[in-house]
2 protein chains.
Amino acid sequence: MNLRYAPPAGRSWNVLVAECPSRTSLARIANKWTAMVITVLENGPMRFGDIRSALEGISAKVLTDTLRDLERDGMLTREVYGEIPPRVEYELTPLGRTLIEPLAVLCRWAEQHIPEVLAARDAYDDR
Amino acid sequence: MNLRYAPPAGRSWNVLVAECPSRTSLARIANKWTAMVITVLENGPMRFGDIRSALEGISAKVLTDTLRDLERDGMLTREVYGEIPPRVEYELTPLGRTLIEPLAVLCRWAEQHIPEVLAARDAYDDR
DNA sequence: CTGTATCCAGAAGGATACTG
DNA sequence: CAGTATCCTTCTGGATACAG
């Protein structure tokens, strides 16, 4: 496993290799905002404001940045409707949809294991 | 547990609620270093130096911080052996082991979908 | 309504030197 | 070997104001 980064000539992309682009990709998907955005979009297209309301507490700037990054990496599409007031809808691509289940699992893990995590934290801080 | 937020009776914790502690927990596990550390520890205890070698490019400081946070949240244990030179081993707890599969899936996703992501990125940048 | 443009504080993370 | 300590740079993300 101590191989130097060699792809794309070969086939073995590897997040453990510092220069491998898969590590950048991992950083993008292993991210709390990404997990929440993808999860929230699973049921179909949503408007900017509705996403922002769903992800309670996110700023407009951060949501804009997150959505743009996800669009750039092909995980969602952005459609602007020429209406007044403006309407913009975001929708997962097939590629983005393959992330729904993995990221939903993470969100559920965080929710389901809160008692254990908080207990462990208290125990650690008490010593 | 001294919480500023508790889910309403009969309901579950929810990462979409800003003050819910599950969001902090999500931030910790939805993180590239966490994903790599957990994945690398799946086969059993490992020494600090071996983990650092496996996660090519991580600094001692960042690895120390990451391991301490994971220990604090009950996902791994840290055992110090009174030897010269020192030996310290990190091992996943049962709680930590429940993260192996979800996080390994993320790492595999990042590796397997690199061609699509890079293609999408090029297409986006070209317009 | 859906952003952009700034500015700024704090967190994350790297480099280097050093210790038990 | 397994860290600490320190310093420094970069990135993240919040606040505010404003535009189309």
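Reminder, nothing fancy here: chain letters follow the sequence lines and each chain counts from 1.
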| When rounded to the nearest 0.5 angstrom, what is the spacing between CD1 in A/Ile114 and CD in A/Gln112? | 11.0 Å
| In whole Å, what is the span from the CD1 atom of A/Ile58 to the C1' atom of D/dG13? | 9 Å
| Considering only heavy atoms from C-beta outward, does the side chain of A/Glu111 approach that of B/Asn14 to under 4.5 Å? | yes
| note | Here the distance between atom P of D/dC1 and atom CD of B/Glu89, to the nearest Å, is 14 Å
| message | Using the side-chain heavy atoms of B/Lys61, tell me which of these nucleotides is nearest: D/dA15, C/dT2, C/dA15. | response | C/dA15
| remark: B/Ala60 has its side chain closest, among D/dT4, C/dT4, D/dA2, to D/dT4
| field | Spacing of A/Asp50 atom CG relative to C/dC1 atom P, expressed in whole Å | value | 9 Å
| Nearest-nucleotide pick for B/Arg87, side chain only, options being D/dA2, C/dT4, C/dG14 | D/dA2
| task | Figure out the CZ/P separation between A/Phe48 and D/dG20, and round it to whole Å. | result | 18 Å
| field | Spacing between B/Asp65 atom CG and C/dA12 atom C1', to the nearest angstrom | value | 9 Å
| task | Respond yes when some side-chain nitrogen or oxygen of B/Arg78 is under 4.0 Å from OP1 or OP2 of D/dG3, and no when none is. | result | yes
| said: I want to check one thing: is the phosphate of C/dC1, taken as OP1 and OP2, less than 4.0 Å away from some side-chain N or O of A/Arg47? | reply: no
| query | Among D/dA2, D/dG13, C/dG13, which nucleotide sits nearest the side chain of B/Lys32? | reply | C/dG13
| task | Could you check whether B/Tyr81 gets within reach of a base, just the sugar-phosphate, or nothing at all, counting any heavy atom under 4.0 Å? | result | nothing
| request: Could you tell me whether the side chain of B/Thr64 reaches within less than 4.5 Å of the side chain of B/Arg68, counting heavy atoms only? | output: yes
| Lys/Arg N to Asp/Glu carboxylate O, B/Arg72 vs B/Asp69, below 4.0 Å | no
| query | Phosphate oxygens OP1/OP2 of D/dT12: is one of them under 4.0 Å from a side-chain N or O of A/Arg28? | reply | no
| request: Would you please confirm or rule out a distance under 4.0 Å between OP1 or OP2 of C/dT4 and any side-chain N or O of A/Arg68? | output: yes
| task | Starting at atom CG of A/Leu63, determine the distance to atom C1' of C/dT4, rounded to an integer number of angstrom. | result | 14 Å
| note | Picking from C/dG14, D/dG14, D/dC1, the nucleotide nearest the side-chain atoms of A/Trp33 would be D/dG14
| said: Taking any heavy-atom pair under 4.0 Å as a contact, classify B/Arg52: base, sugar-phosphate, or nothing. | reply: nothing
| query | Please give, in whole Å, the distance from C/dT2 P to A/Glu83 CD? | reply | 10 Å
| field | From C/dG20, D/dG3, C/dG3, nucleotide with atom closest to A/Val88 side chain | value | C/dG3
| request: In whole angstrom, give the distance that lies between atom CD1 of B/Ile84 and atom P of D/dC1. | output: 13 Å
| task | Measure from the side-chain heavy atoms of B/Pro85 and tell me the nearest of C/dG3, D/dG14, D/dC1. | result | D/dC1
| task | Select one nucleotide: of D/dG13, C/dG3, D/dG3, the one nearest the side-chain heavy atoms of A/Val62. | result | D/dG13
| message | Do A/Tyr124 and B/Asp73 make a side-chain contact, defined as non-hydrogen atoms from C-beta onward lying under 4.5 Å apart? | response | no
| Of B/Asn31 and A/Gly49, the one whose closest DNA chain C nucleotide lies more 5' | A/Gly49
| request: Nearest-nucleotide wise, let me know which of A/Leu67 and B/Thr66 is further upstream toward the 5' end of DNA chain C. | output: A/Leu67
| message | Check this for me: does any side-chain nitrogen of one of B/Glu101 and B/Arg108 sit under 4.0 Å from a carboxylate oxygen of the other? | response | no
